[in-house]
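Structure record follows, encoded as structure tokens.
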Amino acid sequence: MIVTMTRLRVVGLKRDLDPTLAALQELGCIQLLDAKNVHPGLTAYVPAAEQRELETLGYLLVRLDALLALLPPQTGLAPEPAPETDLASVLQADLDANAPGLETLAQQRHALSNDADVLPNYATTLRKLSRLTPSMTDLADYETVALLINRRYSGVLEVLEREMRTVAGERCTLVSDQVDSDTIGALLIYPRAFATQMQGLLGRVQVNQVSLPDSLRNVPFADALAHIERRLQQIPGEIAAVDTRLAEAGRQHQARWLAYRQAVQRRLEQLRVRASLGETEHTFVLVGWVPERDVAAARQLLEQRLPQDLVIDELAPSAEEAHAAPVLLEATSVVRPFQFFVRMLALPRYGTIDPTVLMALFMPLFYGLMLGDIGYSLLMLAAGLVGYRRFAAGSGLRDLVYFIILGSIWGVVWGLAFGEFFGSMGHDVFGLQPLWKERSAPDALPALLLFSIALGVVHVCLGLVLGVWQAWRLHHAAEIWERVGMLVGLVGLFLLVGVVAKRLPAGWATPSVVVVIVGLTLLIRGLGPIGALMAPVELLSTVGNILSYLRLAAIGLASVYLAMVGNIMAGRAGSLLVGIIIAILFHALNIALGAFSPTIHSLRLHYVEFFTKFYEPGGEPFQPLGGR
Amino acid sequence: MDIGLLAIGAGLAVGITALGTGYAQAKIGAAGVGAIAEKPESMGRVILLVAIPETMVILGFAVAAMIMLLLGGEGA
């Protein structure tokens, strides 16, 4: 359900503003409104004095967050108090004293990780070239350049050698060899005196040189590989040493900085909400939405903290203002996970129906009906229970898994009704008999289709009834006419179908047509000027909504036939092992589809078929001061 | 009526509507993924939009079931 909200107005002396806001933050149950909108005569609160504090704290928070991100996560930290006064100065001094050392450590850590990532690539390349290097280790005044060239462009080496000799004469050499199937490695050796001309030549030829990292700039090429291998052995130890120092810094600073961070965030929130306050010369005025159940607690705390200095009263909102109130959903723990599915579409508007309970009732039922297999459901249930323990409370994944668990329980119930255990395996191996109908039997189809449509009728009509009730509460006359007309039109159509299917006497045909016409007339009344055109379309569209529930049977049948095909193919494999593999593959595919497809389709039946009859999206989430 | 022709008719009823649904879902899905990349909170609405064309194939299934149940009984 949507929690009932009340508008609370607090008027006090400006000197009491900070303690008032601090108390409201502590309560965490008021979402401030722009007071000038409620009382147009009020002057906007101008937080001139606090503007500098706002900017300073904003900057310090960014610095603090950047430093906290450098520290490894710590557990079991003892909470530390934040300074009561002069938060900005204390924090500034703290950061100035400790940030440089920490930043240096973080830079070292970054450089070492970078080397650990990059040096193995250099080592691989140098290893490829190593077979070319022994002959030139004793060449003192010579410079060496390594090249890696794709085999397709091997012709470039001849060009390069010719050009080198033009530049350096006979005092240069080029050795090359295939280093792998695609690459040719080459070493160019020439006197240092020709270094500039050779670099120019290499630039003109446009070949890729193997360039070594900065740390190896002064290391002779032939020694580079050994140097890299040595560095790669040293780096883990150096990283561990830096990590130890970072962890030590974390133990020293993290708890205190987290406390500062919280204090800064609270103060920043206090400063930012000032823009929504109103003021007179000596007083401030704040107005906000408070859950009705929390009003007494809010009043009590404010009166306790600031006795006789505050005027607190409740303001009755107009219907329009109430419609714009923020939305806080409340539900018992059994149905609360289904709020995830409601939020996934959009929050309902304040004052309308919260469909969470209805989703909790119907979604698992539909899911189970589509799955309808004891074996699959038990596997899904087991996976769901494991997932439920693993995912954090309140996370979307845990809510999803909770739905899968409930759906799987329904899946077992429907599996018993259909006598399915991994498709027909239950019947073939254990002699399992259906309590209602075996879905794969030819005579089961009409019953399944009718049952699906019956569920559709119940669900869609329930949506329409809720729509009528909601429109009644909100005094939306047109919507009442429209939804009542739709219900009456549907009843007429059902009667007509009964007559055509010879379930009702032929004499009922005329009254049925009259009921349809009455329904259409009410629909036209509700839809307004375009009603005559739209009413038949709307009625047929709702019939389409009901027929859409045929998917409950269709998805289930697809699953049954896939399981059946798997079992038949496994039985005809001719070998026990191959048969088991085929069966596992088919049933695994079916389980994967069984987890995904019924979820999406149950969701769709709610979003498209059910919600369109009553649901009013567009609610703004309740975001109280102090964020609870 | 020949049961083979009925089966072909039923198959076409599901198959052609499935193609239509697939075509529509491909277009909506591509746009939807783009929308989710920009606004992750639009996930619910995108699921809703992607699911809308499925009504076509469900109605195709209903027609196929009617062909087999209403006419298949006479043909058999």
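Values reported hereafter were calculated over all heavy atoms of this structure, with side chains retained and with hydrogens, waters and symmetry mates removed. Sequence lines set the chain letters: A, B, ... in the order given, protein chains first and strands last, and positions in each chain run from 1.
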> From A/Arg604 CZ over to B/Ile52 CD1, what is the distance, rounded to the nearest 0.5 angstrom?
Replying inline: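 Spacing of CZ (A/Arg604) from CD1 (B/Ile52) equals 7.0 Å.
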> Between atom CG of A/Leu345 and atom CE of B/Met43, what is the distance when rounded to the nearest 0.5 Å?
Replying inline: 12.5 Å
Which heavy atom of [X] sits nearest to which heavy atom of [Y], and what is that distance?
X        : Y        : answer
A/Arg551 : B/Ile58  : CB-CD1, 3.3 Å
A/Leu445 : B/Ala65  : CD2-CB, 4.4 Å
B/Phe61  : A/Leu550 : CE2-O, 4.2 Å

Over 12 foreign heavy atoms within 6.0 Å of [atom1], [X]:
X        : atom1 : answer
B/Glu38  : CD    : no
A/Tyr561 : OH    : yes
A/Glu330 : CD    : yes

> What part of A/His601 is in contact with chain B, defined as an atom under 4.5 angstrom from a non-hydrogen atom: side chain, backbone, both or neither?
Replying inline: side chain
> Checking A/Leu603 against chain B: side chain, backbone, both or neither under 4.5 Å from a heavy atom?
Replying inline: side chain
> By a 4.5 Å heavy-atom criterion (distance strictly below it), what part of B/Glu54 contacts chain A: side chain, backbone, both, or neither?
Replying inline: both
